[in-house]
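Here's the structure we're looking at; comments come further down.
Proteins come first, then strands; the chains are lettered A, B, ... in the order of their sequence lines, and each starts at number 1.
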There are 2 protein chains.
Amino acid sequence: MSKASIKDIALLLGVSKTTVSWVLSGQSQHRKISDETRDRVLEAAKSLHFEPNYFAKGLYSGRSQTIGLLVPDVENPFFARMARIIESEAEKQQYSVMYCSSEEDSVKEDRLIRMLYSKKVDGMIIAPTNHAEETLEHLHRNNVPFILVDRDLERISAPFVGTDNLSGTRELIAHMLSKGCRKIGVICSVPDISSVRLRLEGYRASLKMAGIEPNEQLIVDVGYGDSACIRQGVDTLLSRGVDAIFFTANSIAIPGLKRLKDLKINIPGQVSVGSFDDMDLMSLHEPAITAVEQPVDDIARMAVELLIRRINAKGETHASEKVMLPAKLHTRDS
Amino acid sequence: MSKASIKDIALLLGVSKTTVSWVLSGQSQHRKISDETRDRVLEAAKSLHFEPNYFAKGLYSGRSQTIGLLVPDVENPFFARMARIIESEAEKQQYSVMYCSSEEDSVKEDRLIRMLYSKKVDGMIIAPTNHAEETLEHLHRNNVPFILVDRDLERISAPFVGTDNLSGTRELIAHMLSKGCRKIGVICSVPDISSVRLRLEGYRASLKMAGIEPNEQLIVDVGYGDSACIRQGVDTLLSRGVDAIFFTANSIAIPGLKRLKDLKINIPGQVSVGSFDDMDLMSLHEPAITAVEQPVDDIARMAVELLIRRINAKGETHASEKVMLPAKLHTRDS
DNA sequence: TTGAAAGCGGTACCAA
DNA sequence: TTGGTACCGCTTTCAA
């Protein structure tokens, strides 16, 4: 029951490995193999259940037909969906996906990237921490193509695909302002990554546009998003008299909404709420929560497309495109 | 910048590949390599940034240090969490994870399992469709260890780890009965998989225990869970006068709850609600929804443990343990 | 039209 | 204590 190899087929038929290899890799035409030989080989391959050995092929070709996916947390609905789409897009092109979660920890991130690298993935899709430069440089030097998603690293020139966080946020804040909110608080985490930074920037810009001077006291940074800190953050903002709260991500919104529920705060009576990342929970919430939906499917599709293009273009230098896809505001009852 | 190989090091130092290989694989002691040689090799390896070639190693050893994960949908919060825990458990043991989503489609499942197989994963963790026997037999014949999770396949003797669906459901239904519900409807999908089958069995058993004859008219099967069908299912049950609805999975509960919200049904005034699979949404819902939480972390951990044990015990025959972990009922306001 | 042989990068047996 | 060499399975160049 041990695997049939090319050699086995060659021995069986009394032809050479070369011939078998040529037939099996569809080069019968080009290499002028006789139809008869070709058919005998194909038949033997079928009856012996021949399957090319992945390692041998990889050893020679250097290709694994596998891509690596590194995100902060595959369990987060945003990244879980991204993983799902990436998987199906990759499969269409005969690629498999290996995934890892960095937990926003750059040390772990470094370790995981090296692991993916050592497993010879043909390329990677990475939502990096803000300290990934060195590791990514290493990839670059070793000609491993990669695409950044969700957060960009301005200091390195790498292709990026993500949401237009600035416009998305501005639209959301503008909506809140139009509903009469004047003292909008924010809860954010990991503000050093580009996406969050831009969401904060969008927030400030919108206020200024409306003639309101942003008050830094109303921006609460909860570090890596521990839920106790988030609940605390809600309390802080409430004590500072906000009339609205902007959650900068789903991971913040969930504990945040829980806290508001526990405190029996009336939404939008006492405070309005707006959130980045739309999810079932937002529309099912009572009242339904206004949220900005990221174009995650498009991000995933484009990331795979760009990555595979780069994999196939190994060697050639590309301009490092930076793609920003528009977000979509869902105004609801909050 | 191309990778340094063992040969490069050997050439550089004027020693043989054998020596280098032995030093690098930590056999200096055993193979009695002189300390001096060892140090020279180690130093050269470090300065040339030597890293063993994954394919070459795999070609010889047959091992990939990778496991395959096949679930119906990695985006589903239950499986997303499972994926997350499996990843971290696997990493502790130096394994990477490749994932695939079968979409409950046995044809796709077969294709994906074969793909994982061809990529030489050392083992697989699979939440199978009810038609996976043949493919799994193929794995078995080829000595690829695998663990079934979430749903068991009684017809084949394979290790399984999942939730005790029967008890979990009985507890939930008993709770609903104790609150006075008498006409409990059910919406389920893919009832041919063991987990759902057991949930339905638990439902019927509980009713009988309470002296109520189960009415098959109150069990709506929505096939593969298209959300239009689920909404329709809710309508059907309501028209049949149920005083409670049991959703057999989170994927059913979400569209189901949406429909109830759209219809402005008062929960639990008009109908009570209970669901399998706890998630943030359940406790944040107004009113909070009573739900059965599956021990997904334990399932994932145990699956990895059993799998790796089997990988390492290749050849030995094991009893095929079937592990059922207890579910936890969260009674809430619905 | 087909085959022999070298090589991809390690590992391990058998000698020395 | 160390080295030569065959082999894992596939691809491809060069010869016939």
Side-chain angles (χ1 to χ4, degrees), chain A residues 1-42 44-45 48-65 117-120 122 142-143 314, chain B residues 1-42 44-45 48-65 117-120 122 142-143 314:
Chain A
M1 192 47 70
S2 66
K3 273 332 182 8
S5 70
I6 279 192
K7 188 167 139 196
D8 297 327
I9 298 179
L11 248 41
L12 178 69
L13 300 181
V15 300
S16 76
K17 284 166 56 180
T18 314
T19 306
V20 177
S21 173
W22 279 338
V23 172
L24 261 23
S25 55
Q27 304 196 55
S28 318
Q29 295 288 338
H30 176 231
R31 298 297 183 169
K32 309 194 175 192
I33 305 288
S34 70
D35 288 3
E36 192 218 329
T37 308
R38 184 199 54 202
D39 293 343
R40 288 173 62 218
V41 169
L42 289 176
L48 294 183
H49 299 110
F50 171 80
E51 289 186 68
N53 182 291
Y54 175 69
F55 295 124
K57 230 170 163 159
L59 182 55
Y60 185 86
S61 69
R63 298 285 222 96
S64 62
Q65 289 299 118
Y117 175 61
S118 77
K119 292 245 162 107
K120 299 283 181 187
D122 294 335
N142 288 86
N143 293 310
K314 216 143 184 173
Chain B
M1 192 47 70
S2 67
K3 273 330 180 11
S5 69
I6 278 193
K7 189 167 138 195
D8 297 328
I9 298 180
L11 248 40
L12 178 70
L13 300 181
V15 300
S16 76
K17 280 169 62 179
T18 314
T19 306
V20 177
S21 172
W22 279 338
V23 171
L24 261 23
S25 55
Q27 305 195 53
S28 318
Q29 295 288 337
H30 177 232
R31 298 296 183 171
K32 308 194 175 193
I33 306 288
S34 71
D35 288 2
E36 192 218 328
T37 308
R38 185 198 54 202
D39 293 342
R40 288 173 62 217
V41 170
L42 289 175
L48 293 184
H49 299 109
F50 171 79
E51 289 186 67
N53 182 290
Y54 174 69
F55 295 123
K57 231 170 163 159
L59 182 55
Y60 187 85
S61 70
R63 299 283 223 96
S64 61
Q65 290 298 120
Y117 175 61
S118 78
K119 292 246 162 104
K120 298 284 180 186
D122 294 334
N142 288 86
N143 293 311
K314 216 142 184 173

Can you list, pair by pair, the side-chain donor-acceptor contacts under 3.5 Å of residues 9-18 of chain B, counting residues two or more places apart and other chains?
residue, atom, partner, partner atom, Å
S16(B), OG, T18(B), N, 3.3
S16(B), OG, T19(B), N, 3.3
S16(B), OG, T19(B), OG1, 3.1

Atom CG of L11(B) and atom P of dG10(C): how far apart are they, to the nearest Å? 13 Å
Do you know the tightest heavy-atom contact between L24(B) and A45(B)? CD1-CB, 3.9 Å
Check this one for me: any side-chain N or O of S61(A) less than 4.0 Å away from OP1 or OP2 of dC10(D)? no
Taken to the nearest whole Å, CD1/I9(B) to C1'/dG3(D) is 17 Å
When rounded to whole Å, the CG to C1' distance for the pair L48(A) and dG9(D) reads 15 Å
In whole angstrom, what separates D35(B)'s CG from dT1(D)'s P? 9 Å
Under 4.0 Å between any heavy atoms, over every strand shown, what does E51(B) touch: base, sugar-phosphate, or nothing? Just pick one. sugar-phosphate
dC10(D) C1' sits how many Å from K120(B) NZ, rounded? 12 Å
How large an angle, rounded to 10°, do the end axes of the helix from dT1(C)-dA16(D) to dA16(C)-dT1(D) enclose when each is built from five base pairs? 50°
Using only side-chain N and O atoms of K7(B), determine if any of them is under 4.0 Å from OP1 or OP2 of dC8(C). yes
Roughly, in whole Å, what's the span from CG in N53(B) to C1' in dG7(C)? 13 Å
Would you indicate what T37(B) reaches in the nucleic acid, counting non-hydrogen atoms under 4.0 angstrom: base, sugar-phosphate, or nothing? sugar-phosphate
Touch check for F50(A), heavy atoms < 4.0 angstrom, all strands: base, sugar-phosphate only, or nothing? sugar-phosphate
Measuring from atom OG of S25(B) to atom NE2 of H30(B), what distance do you get when rounded to the nearest 0.5 angstrom? 11.0 Å
Looking at S16(B), does any N or O in its side chain come under 4.0 Å of the phosphate oxygens OP1/OP2 on dG4(D)? no
Nearest to the S34(B) side chain among dT2(D), dG9(D), dG3(D), which nucleotide is it? dT2(D)
Distance, nearest 0.5 Å, that separates CZ of R40(A) from CZ of R38(A): 13.0 Å
Minimum heavy-atom distance R63(B)-D122(B), with the two atoms named: CA-OD1, 3.5 Å
Whole-Å distance between dA6(D) P and L59(B) CG? 17 Å
If you round to the nearest 0.5 Å, how far is CG of D35(A) from CG of L42(A)? 10.5 Å
Return the polar atom pairs (N/O with N/O) between nucleotides 12-16 of chain C and the protein under 3.5 Å, or none.
residue, atom, partner, partner atom, Å
dA12(C), N6, T18(B), OG1, 3.0

Exercise: identify the closest heavy-atom pair between Y117(B) and E51(A): CE2-OE2, 3.6 Å
Minimal non-hydrogen separation, Q65(B) against K119(A), with atom names: O-NZ, 2.7 Å
Separation of dC8(D) atom P from D8(A) atom CG, nearest Å, is 10 Å
Between R38(B) and A56(B), name the one whose nearest nucleotide on DNA chain D is closer to the 5' end. R38(B)
Tightest non-hydrogen contact, residues W22(A) and I33(A), listed as CE3-CD1, 4.1 Å
Which atoms form the tightest heavy-atom contact between S64(B) and K120(B), and what is the distance? OG-O, 2.7 Å
Side chain of I6(B): nearest nucleotide among dT11(D), dG10(C), dG3(C)? dG10(C)
